[in-house]
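The structure appears right after this line, and notes come after that.
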Amino acid sequence: MSDAKVNPYMLLAIGVISVSTSAILVKFSSAPAGVIAFYRLFFSVLFMLPVFLLKYVPELRLITKRDWVFSALAGVFLAFHFILWFESLNYTSVASSTVLVTLQPLFAFIGTYIFFKEKFSWKAILSGMIAIVGSVIISWGDFKISESALFGDILALIACALVTAYLMFGQTVRKRVSLITYTFLVYLICTITLFFYVILAGEPLYPYPASDWGYFILLALVPTLLGHTLFNWSLQWLSTSTISMAILFEPVGAAILAYYLLQESLVWTQIAGGLIVIGGISIFLLDERRMQKRKFKKKTV
């Protein structure tokens, strides 16, 4: 890390703040969820296109049929993740929605157990149970507020499961395909999927006020290209666990921004449930890091 020209932790913090703006920008926009998701990915692809055309087109010849299929599935899952998550923000608060979406490590735990028969320690299982308790507290509190808030929580949970599927399909492809090529292809497939969804759903692609176009572009630039690019850059200097732990602060940043910019207040169930969820996932990630170190030591012995 001493070789880094810029402090990785500082850039990681900027990345967390960047992704925290996502829910706020969605809330500010007056467009339907599908349209917001479409333009977020469309502009992301547009901004990435010059770099891809200049340096990465030759890599397409090296991509196998299996990688194309997995990339396509990842793009479709990512598309519906955005649709359901953005839609959830129409029903529930920014705090509840972003906390539930950060349950992604828990869904990954379930997915790898079911599909890859991966075994986990009792600490990992306990952390999952703690995170579930936290999500139940959030949902129970939102149900007391309104049934629509509970519906929004359910949409956020499904969106979390979908983004986990997106990551699981993508992890094998990323071992053989460069970051830029893979990201561009998945974003492109995601954009095409969202385009057909918007057309079939009857959501108009235009006209929208100038402010909405500004939000679409900001969603592409800030949380998508800046935020996730900084996370990917940080992988060169920091461990995956460190970055995963840092991303857990996204709900905190989003809740603070929502409090000041949207005047959204927090109830005790959201605060308590959110802290329990973050605590449970933190235990899981720390245990996973310990297990990885143990496996590495066995290989090197």
Check your understanding: Can a donor-acceptor pair be found between the side chains of Ser97 and Ser88 at a distance below 3.5 Å?
Key -> yes

Tell me whether [X] shares a hydrophobic cluster with [Y], the cluster being built from Ile, Leu, Val, Met, Phe, Trp, Tyr side chains joined at under 4.5 Å.
{"X": "Leu262", "Y": "Leu257", "result": "yes"}
{"X": "Phe42", "Y": "Tyr206", "result": "yes"}
{"X": "Leu179", "Y": "Val163", "result": "no"}
{"X": "Val51", "Y": "Leu225", "result": "yes"}
{"X": "Leu54", "Y": "Phe47", "result": "no"}

Rounded at 0.5 Å granularity, tell me how far [atom1] in [X] sits from [atom2] in [Y].
{"X": "Ile158", "Y": "Asp153", "atom1": "CD1", "atom2": "CG", "answer": "11.5 Å"}
{"X": "Ser29", "Y": "Leu89", "atom1": "OG", "atom2": "CG", "answer": "11.5 Å"}
{"X": "Ile63", "Y": "Phe70", "atom1": "CD1", "atom2": "CZ", "answer": "14.0 Å"}
{"X": "Ile17", "Y": "Leu230", "atom1": "CD1", "atom2": "CG", "answer": "10.5 Å"}
{"X": "Ile180", "Y": "Tyr56", "atom1": "CD1", "atom2": "OH", "answer": "5.0 Å"}
{"X": "Leu157", "Y": "Ile154", "atom1": "CG", "atom2": "CD1", "answer": "8.0 Å"}

Point to revise | Phe195, CZ: over 12 other non-hydrogen atoms inside 6.0 angstrom | key: no

Is the shortest side-chain heavy-atom distance between [X] and [Y] below 4.5 Å?
{"X": "Arg40", "Y": "Ser22", "answer": "yes"}
{"X": "Cys190", "Y": "Leu194", "answer": "yes"}
{"X": "Phe184", "Y": "Leu49", "answer": "yes"}
{"X": "Arg66", "Y": "Arg176", "answer": "yes"}
{"X": "Tyr187", "Y": "Leu78", "answer": "yes"}
{"X": "Val186", "Y": "Ile189", "answer": "no"}
{"X": "Thr193", "Y": "Leu41", "answer": "no"}
{"X": "Ile199", "Y": "Leu205", "answer": "yes"}

Point to revise | Where at least one partner belongs to residues 8-36, residue pairs that pass salt bridge (charged side-chain N to carboxylate O under 4.0 Å, His left out), sequence neighbours excluded | key: Lys27-Glu264

Contact summary for [X] and [Y], nearest pair of heavy atoms:
{"X": "Val94", "Y": "Ala258", "answer": "CB-CB, 3.8 Å"}
{"X": "Gly227", "Y": "Ser18", "answer": "CA-CB, 3.7 Å"}
{"X": "Pro204", "Y": "Val35", "answer": "O-CG2, 3.5 Å"}
{"X": "Glu87", "Y": "Leu155", "answer": "CG-CD1, 3.9 Å"}
{"X": "Ala23", "Y": "Thr98", "answer": "CB-CG2, 4.1 Å"}
{"X": "Ile24", "Y": "Leu261", "answer": "CG2-CD1, 3.9 Å"}

Check your understanding: Quick one: are the ring centres of Phe169 and Phe77 less than 6.0 Å apart?
Key -> yes

**Study point:** Passing candidate, ring pair (Phe, Tyr, Trp, His ring centres under 6.0 Å) with Tyr39, options Phe216, Phe86, Tyr208, Phe82
**Key:** Phe216

Check your understanding: Among all residues two or more places apart in sequence or in another chain, which pass the salt bridge (charged side-chain N to carboxylate O under 4.0 Å, His left out) test with Asp212?
Key -> none

Review point. Are any side-chain N or O atoms of His81 and backbone N or O atoms of Leu162, one a donor and one an acceptor, separated by less than 3.5 Å?
Key: no

Check your understanding: How are the rings of Trp213 and Phe43 set to each other: parallel, tilted or perpendicular (split at 30° and 60°)?
Key -> perpendicular

**Study point:** Asp67/Thr64 under side-chain contact (heavy atoms from CB on, under 4.5 Å): CA gap, chis, key distance, verdict
**Key:** CA-CA 5 Å; Asp67 289 342; Thr64 65; 3.2 Å; yes

